[in-house]
Amino acid sequence: QVQLVESGGGLVQTGGSLRLSCAASGTIFSINAMGWYRQAPGKQRELVAAITSGGSTNYADSVKGRFTISRDNAKNTVYLQMNSLQPEDTAVYYCNADSVLLYGGTYRYNAWGQGTQVTVSS
């Protein structure tokens with residue numbers, strides 16, 4: 001009923017930039033918070049940034065000042081602009097929608113995308 005598809009990952013040199021996109025599709029009426037998480041090899045998945053439907057944002061301390069999250073509610077899409085990338089930013093980045101209201105009145109909770117690889121070379 002809900003699919004999240006990420007795009008925009010890739011290989012970049014230290015100090016470079018990437019922009020990730022995540023489009024949600026399905027019989028969606030509205031989405032509450034959307035966010036980006038990442039998981040590096042051997043590490044737990046961690047929150048990178050999140051944004052509510054009203055535009056309030058939250059960032060991990062490690063990315064504050066370098067990453068910017070935004071969303072287009074009309075397109076059910078969330079973006080992550082990543083600047084000044086460092087090798088420690090290398091990870092698979094996942095998109096998340098915490099609660100999705102579907103047409104018909106049902107909710108889908110905690111939807112995830114398939115992930116997109118970001119690799120920062122030193």
Side-chain angles (χ1 to χ4, degrees):
Q1 288 178 314
V2 176
Q3 286 189 325
L4 302 180
V5 179
E6 300 103 334
S7 61
L11 174 64
V12 65
Q13 291 185 334
T14 297
S17 298
L18 285 174
R19 188 187 192 219
L20 305 183
S21 299
C22 170
S25 62
T27 55
I28 298 170
F29 180 77
S30 65
I31 303 175
N32 187 20
M34 299 186 76
W36 290 95
Y37 290 72
R38 67 187 181 188
Q39 187 166 19
K43 295 187 177 181
Q44 289 188 333
R45 190 172 298 188
E46 62 176 358
L47 175 68
V48 176
I51 185 168
T52 67
S53 58
S56 297
T57 58
N58 181 41
Y59 295 93
D61 288 343
S62 60
V63 307
K64 283 181 181 176
R66 300 188 298 122
F67 291 10
T68 302
I69 191 171
S70 61
R71 66 188 282 175
D72 184 333
N73 291 331
K75 296 181 179 179
N76 292 323
T77 299
V78 64
Y79 306 96
L80 185 68
Q81 177 66 44
M82 305 185 294
N83 299 328
S84 301
L85 282 161
Q86 302 297 314
E88 53 265 34
D89 296 315
T90 295
V92 178
Y93 284 70
Y94 296 91
C95 175
N96 174 270
D98 75 337
S99 62
V100 182
L101 176 58
L102 305 176
Y103 283 103
T106 59
Y107 280 89
R108 166 72 191 279
Y109 295 101
N110 208 26
W112 290 93
Q114 81 288 349
T116 185
Q117 177 70 46
V118 171
T119 302
V120 184
S121 63
S122 57

Results of ring pair (Phe, Tyr, Trp, His ring centres under 6.0 Å) for Tyr59 - residues two or more places apart only: none
With the side chain counted from C-beta on, respond yes when Leu47 and Asn58 share a heavy-atom pair under 4.5 Å apart, and no when they do not. yes
Would Val78 and Val92 show up in the same hydrophobic cluster when neighbours are defined by side-chain heavy atoms closer than 4.5 Å? no
Report yes or no: do Ile51 and Val48 belong to one cluster of Ile/Leu/Val/Met/Phe/Trp/Tyr joined by side chain heavy-atom distances under 4.5 Å? yes
Contact list for residues 21-38, test salt bridge (Lys or Arg N to Asp or Glu O under 4.0 Å), sequence neighbours left out: Arg38-Glu46, Arg38-Asp89
Nearest 0.5 Å, please: how far is CG in Asn76 from CD in Gln3? 13.0 Å
Distance in Å, Ile31 CD1 paired with Arg108 CZ, rounded so as to fall on 0.5 Å steps: 11.0 Å
If you compare all heavy atoms of Lys75 against all heavy atoms of Thr77, which two are closest, and at what distance to 0.1 Å? O-OG1, 2.9 Å
So, do Gln1 and Val100 sit near enough that their side-chain heavy atoms are less than 4.5 Å apart? no
Say whether, by atom type as modelled, one donor and one acceptor occur between the side chain of Glu6 and the main chain of Gln114 under 3.5 angstrom. yes
When you look at CD of Gln44, are more than 12 heavy atoms from neighbouring residues, nucleotides or ligands closer to it than 6.0 Å? no
Answer whether the closest heavy-atom distance between the side chains of Met34 and Asp98 falls below 4.5 Å. no
For the side chain of Asn96 and the backbone of Ala111, is there at least one donor-acceptor N/O pair under 3.5 Å apart? yes
If I take atom CD from residue Gln13 and atom CG from residue Leu11, how far apart are they, to the nearest 0.5 angstrom? 8.0 Å
Is any side-chain heavy atom of Gln117 closer than 4.5 Å to one of Thr90? yes
Heavy atoms, side chains only, cut-off 4.5 Å: are Trp36 and Cys95 in contact? yes
Salt bridge (charged side-chain N to carboxylate O under 4.0 Å, His left out) filter on Lys43, not counting sequence neighbours, yields none
Mind checking whether Val2 and Leu101 sit in one hydrophobic cluster, side chains of I, L, V, M, F, W, Y counted as touching below 4.5 Å? no
Rounded distance [0.5 Å steps], CD in Gln81 versus OG in Ser21: 9.5 Å
For Tyr93 and Phe67, take the angle between the two ring planes, folded into 0 to 90°, and tell me which bin it lands in: parallel under 30, tilted 30 to 60, perpendicular over 60. tilted
Do Pro87 and Thr14 make a side-chain contact, defined as non-hydrogen atoms from C-beta onward lying under 4.5 Å apart? yes
So if you build clusters from Ile, Leu, Val, Met, Phe, Trp, Tyr with side-chain heavy-atom gaps below 4.5 Å, do Met82 and Tyr37 land together? no
Smallest separation among heavy atoms of Tyr94 and Gly113, with atom names: CD2-O, 3.7 Å
Verify same cluster id: Tyr109, Leu4 (apolar side-chain graph, 4.5 Å): no
Approximate separation, where rounding is to 0.5 Å, of Thr68 OG1 and Tyr79 OH: 14.5 Å
